[in-house]
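Just below is one structure, and these are the notes that go with it.
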Number of protein chains: 2
Amino acid sequence: MSKIKETSTNFANKQALADECSEAYAANIIGGQWALVICSWLIGGKLRFGELKKKLPNITERMLTLQLRKLEENKIVKRTVYTEVPPRVEYELTPIGYELKPIIKHLEKWGQKHKDLM
Amino acid sequence: MSKIKETSTNFANKQALADECSEAYAANIIGGQWALVICSWLIGGKLRFGELKKKLPNITERMLTLQLRKLEENKIVKRTVYTEVPPRVEYELTPIGYELKPIIKHLEKWGQKHKDLM
DNA sequence: GACATTACTTACATTTTTTATAGTACGTTA
DNA sequence: TAACGTACTATAAAAAATGTAAGTAATGTC
């Protein structure tokens with residue numbers, strides 16, 4: 001993750017693609033190793049940082065943070081901080097994030113079918 | 001693209017995720033900068049290498065080759081070579097590839113909606 | 001006062017993906 | 001005989017994504 005370099009060809013290509021293809025735009029948002037899986041867990045309801053971490057096998061705290069930040073930036077998840085000690089932070093899907101549900105379910109079915117085929 | 005290093009943590013994580021989450025498995029297959037867009041063009045019917053290239057703004061021949069190879073390997077597209085000179089190669093979706101259509105359409109709609117929101 | 005808890009942050013290393021550029025094979029056509 | 005068109009391959013380099021390891025803040029408990 002980290003910052004994307006706005007002078008790179010890659011950046012320009014992503015932009016151009018996203019501009020004319022909404023599915024590429026969408027793919028940019030929910031792409032990445034963990035984004036979809038995080039969303040699919042959040043479909044079941046709010047989860048804390050630590051709970052998510054437990055559900056995602058082997059994810060590092062860094063990656064989880066980065067992905068959640070990206071999802072938050074894209075208004076897919078909402079982050080709520082409770083100023084307690086130790087801190088408590090809850091994540092939940094926004095309405096548009098929740099609208100990914102049918103897509104995720106469909107992808108899941110497709111993936112299963114594809115797996116059987118291979 | 002190129003080869004993925006089977007000893008890396010990243011490889012192990014992808015495996016583990018794909019094993020238990022079919023949506024992550026699916027994401028691995030149709031992930032990458034161009035895969036979805038290529039598929040979405042192929043939904044309209046067979047296309048030659050050169051035709052695809054024209055439709056994809058700025059893609060390099062190398063990337064197009066790599067993505068098509070990956071899609072072929074995953075049985076999403078079928079490659080037909082006509083041994084003529086100059087050569088002619090046609091790409092088309094397989095049945096399972098074609099089943100991505102509703103997902104792509106759905107993603108497209110979602111992407112459009114999301115775009116409006118931002 | 002040391003320690004545990006939680007959700008991070010930071011610096012750095014490695015791996016993977018993408019881009020850049022040049023070159024190839026091969027009959028056909030000029 | 002030399003250039004042309006097509007669908008590639010080879011090699012290198014840049015950029016992006018992911019992983020490793022350590023550290024932080026605040027406070028309540030031992």
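Residue numbering restarts at 1 for every chain, and letters A, B, ... go by the order of the sequence lines.
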Spacing of [X] atom [atom1] relative to [N] atom [atom2], expressed in whole Å:
{"X": "B:Arg48", "N": "D:dT6", "atom1": "CZ", "atom2": "P", "value": "7 Å"}
{"X": "A:Gln67", "N": "C:dT9", "atom1": "CD", "atom2": "P", "value": "14 Å"}
{"X": "A:Glu84", "N": "D:dT27", "atom1": "CD", "atom2": "P", "value": "12 Å"}
{"X": "A:Met63", "N": "C:dT15", "atom1": "CE", "atom2": "P", "value": "16 Å"}
{"X": "B:Arg79", "N": "D:dA7", "atom1": "CZ", "atom2": "P", "value": "10 Å"}
{"X": "A:Leu64", "N": "D:dG19", "atom1": "CG", "atom2": "P", "value": "12 Å"}
{"X": "B:Lys53", "N": "D:dG5", "atom1": "NZ", "atom2": "P", "value": "12 Å"}
{"X": "B:Leu17", "N": "D:dT18", "atom1": "CG", "atom2": "C1'", "value": "13 Å"}

| message | Please compare A:Lys14 and B:Tyr91 by the position of their nearest nucleotide in DNA chain D and report the one closer to 5'. | response | B:Tyr91

| A:Trp110 and A:His114 aromatic centres sub-6.0 Å | yes

| request: Establish, yes or no, whether the cationic atom of A:Lys78 lies under 6.0 Å from the six-membered ring centre of A:Tyr91 and within 45° of the ring axis. | output: no

| Any B:Arg88 side-chain N or O less than 4.0 Å from OP1/OP2 of D:dA7 | no

| Among pairs that include at least one residue of residues 23-33 of chain A, which meet salt bridge (Lys or Arg N to Asp or Glu O under 4.0 Å), considering only residues two or more places apart or in two chains? | none

| Within 6.0 Å of NZ in B:Lys115, more than 12 heavy atoms from elsewhere | yes

| query | Has A:Lys113 got more than 12 heavy atoms of other residues, nucleotides or ligands less than 6.0 Å from its NZ? | reply | no

| remark: Ordered by number, residues from residues 25-41 of chain B within less than 4.0 Å of DNA chain C (heavy atoms) are B:Gly32, B:Gln33, B:Trp34

| said: Checking the side chain of B:Gln15 only, and the main-chain atoms of B:Ala12 only, is there a donor and an acceptor separated by less than 3.5 Å? | reply: no

| remark: A correct 5'-to-3' footprint of nucleotides 20-30 of chain C, with B, S and - meaning base, sugar-phosphate only and no protein heavy atom under 4.0 Å, is B-----BB---

| task | Would you mind telling me which residue lines up with the more 5' stretch of DNA chain C, B:Ile59 or A:Phe49, judged by nearest nucleotide? | result | A:Phe49

| message | I want to confirm an ordering. Mapping A:Asn10 and A:Val81 to their closest nucleotides on DNA chain C, which one lands closer to the 5' end? | response | A:Val81

| task | Considering only NZ, NE, NH1 and NH2 on the basic side and carboxylate oxygens on the acidic side, decide whether A:Glu90 and A:Lys46 come within less than 4.0 Å. | result | yes

| query | Heavy atoms under 4.0 Å, any strand shown: does B:Tyr82 hit a base, just sugar-phosphate, or nothing? | reply | nothing

| query | Just checking, any donor-acceptor pair under 3.5 angstrom between side chains of B:Gln112 and A:Ser22? | reply | yes

| request: Locate the shortest heavy-atom distance separating A:Thr94 from A:Val77; write the atom from each residue and the value. | output: CG2-C, 3.7 Å

| said: Measuring from the side chain of A:Ser8 (C-beta onward, heavy atoms only), which nucleotide among C:dT18, D:dT18, D:dA15 has the closest atom? | reply: D:dA15

